[in-house]
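Reckoned from all heavy atoms, side chains included, excluding hydrogens, waters and symmetry mates. A, B, ... follow the sequence lines: proteins, then strands. Residue 1 opens every chain.
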There are 2 protein chains.
Amino acid sequence: MSRQTLSDATRAALVEAAVVEFAAHGFEGASTRAIATRAGVHQPQINYHFASKADLWRAAVDSLFAELAVETRAATLGTTTQRATLEATIRAFVRHAARRPELNRIMVRESGAPSERLTWLADSHVRTAFADVSALWESLRRRGEVVDTDALTAFYLMIGGGTLLYTNSPEARLISGCEPTEPDRIEAHADTLVALLFRDVAPRPTTRRAVRETRPSPRSTTTSSRRRS
Amino acid sequence: MSRQTLSDATRAALVEAAVVEFAAHGFEGASTRAIATRAGVHQPQINYHFASKADLWRAAVDSLFAELAVETRAATLGTTTQRATLEATIRAFVRHAARRPELNRIMVRESGAPSERLTWLADSHVRTAFADVSALWESLRRRGEVVDTDALTAFYLMIGGGTLLYTNSPEARLISGCEPTEPDRIEAHADTLVALLFRDVAPRPTTRRAVRETRPSPRSTTTSSRRRS
DNA sequence: GTCTATACCGAGATAGAC
DNA sequence: GTCTATCTCGGTATAGAC
């Protein structure tokens, strides 16, 4: 609708193509030609819609964080306790990482060395996310509801433990022959991570969202862990 | 000693420089010029000592895995039970990740998309590592000594949870102002990870290696977690 | 073994017709 | 807004003197 629809469409196509290419090959490794080809447009179009390759990269990252925010928001809307909020956040985060590994692939590529891009990432997205989780964590920690660790350690434990299987899924496939994104496996993974971080988790004390569509077959290699009596 | 010492020295310097550059910028992002400059030699020397950039990259990765193997071997030598072996492995792994984040930075850059390099990585290093940990894990799991999760999930939970704080340390510094590699913080991190994965961890049931040199000051932001009575 | 010089290619970005 | 053609730069790798 409205004017400029066609232009917006190619812009959106470029952003999505950029997400895929940057996640797979990194900023330097991804070529604007490959991005344009994937988007079905010609290479100079990139410099028409974006000021530079770096500008396209930022648009791609913004898009990925927006997606994550939408899902996290939806998952935490019904929660009433801090504990339920954190648990819902973790579950949404793991599911998102599995479905959209591109976000964490880009993050991990950029977070290992100081750079303009990393500074921008920290300023635009990561610092506030850490502040939010940190406040939640420390509050729960004071009440003894979560494991006794500082928020920084907990933050990277959650992210690393909750995403590496998906950011590294091509590697995981090669070494195990398993498919990491199999739905039951994702749920079991989220269950495990939640069970690890919360102390004395009751069988399932929180908003167990209706999202989980099927989950019929009892997994063989995977056993949903609801540990500790 | 012996002949060829000088040649070996520049070769070693190139490998170490390659480790740093590849970890910081990725395979495509790192330039052979920058590697040569860092090693203090001229760029064409690379193609004299190595067949190609890819060949240098493999040498750098081999070197990093060799370092890890040495430390893991040393840490597990005295252990008598499987439980002690796994715990010592995890502690050695976390310490290594903190001191040598380059290994995990390179790994995570390559493991997100199929490629010749990833295939080589899986064949040369990762598959056997996973097989070893997997056997250990499943055995302990059958005896109820660790959390009830499949080996693949556990493998990536350990690696992701144990390393992301260090692979992403530049990001962590930006968002928290803390120094992730502060020794007490590393130990607390290892303590937490071990406590999470083992069920009902007794205060400290294993070979606590004499390596930990000092550790005097009681940390403020970090409380070494030896949880669960 | 190490240097200088350079070939060769693919990258990002721009010019200007349509 | 989108195309074709092209500029410029930085990359890896090689040639050949020392």
Rounded to whole angstrom units, what separation is found between the CG atom of B:Asn47 and the P atom of C:dC3?
-> 14 Å
For the pair made of NZ in B:Lys53 and C1' in C:dC8, what is the distance, rounded to whole Å?
-> 16 Å
For D:dT2, does OP1 or OP2 lie under 4.0 Å from any side-chain N or O of A:Thr10?
-> yes
Can you list, by residue number, the residues of residues 27-46 of chain B that have a non-hydrogen atom closer than 4.0 angstrom to DNA chain C?
-> B:His42, B:Pro44, B:Gln45
Min side-chain heavy-atom separation B:Leu157-A:Leu196 under 4.5 Å = yes
What is the distance, rounded to the nearest whole Å, between atom CD of A:Glu21 and atom P of C:dG12?
-> 11 Å
B:Arg38: what forms a salt bridge (Lys or Arg N to Asp or Glu O under 4.0 Å) with it, not counting sequence neighbours?
-> B:Glu21
Measure the distance from OH on B:Tyr48 to C1' on D:dC18 and round it to the nearest whole Å.
-> 14 Å
For atom CG of B:Leu56 and atom P of D:dG11, their distance in whole Å = 15 Å
What's the CH2-C1' distance between A:Trp57 and C:dG12, to the nearest Å?
-> 18 Å
Name all residues meeting the ring-ring contact (aromatic ring centres under 6.0 Å, His included) criterion together with A:Phe130; count only those two or more places apart in sequence or in a different chain, and write none if there are none.
-> A:Phe155
Just list the side-chain donor-acceptor pairs under 3.5 Å for residues 53-61 of chain A, sequence neighbours left out, or say none.
from	atom 1	to	atom 2	distance (Å)
A:Lys53	NZ	A:Phe27	O	2.7
A:Lys53	NZ	A:Ala30	O	2.8
A:Asp55	OD2	A:Ala51	N	3.2

In whole angstrom, what separates B:Leu14's CG from C:dG1's C1'?
-> 12 Å
Nucleotide C:dG12, atom P - distance to NE2 of A:His49 in whole Å = 17 Å
With sequence neighbours excluded, tell me which residues meet ring-ring contact (aromatic ring centres under 6.0 Å, His included) with B:Tyr166.
-> B:His189
Contacts under 3.5 angstrom, residues 121-129 of chain B side chains, donor-acceptor by atom type, not counting sequence neighbours:
from	atom 1	to	atom 2	distance (Å)
B:Asp123	OD1	B:Arg127	NH2	2.2
B:Ser124	OG	B:Trp120	O	2.7
B:Ser124	OG	B:Trp120	NE1	3.3
B:His125	NE2	B:Asp62	OD1	2.7
B:Arg127	NH1	A:Leu174	O	2.5
B:Thr128	OG1	B:His125	O	3.3

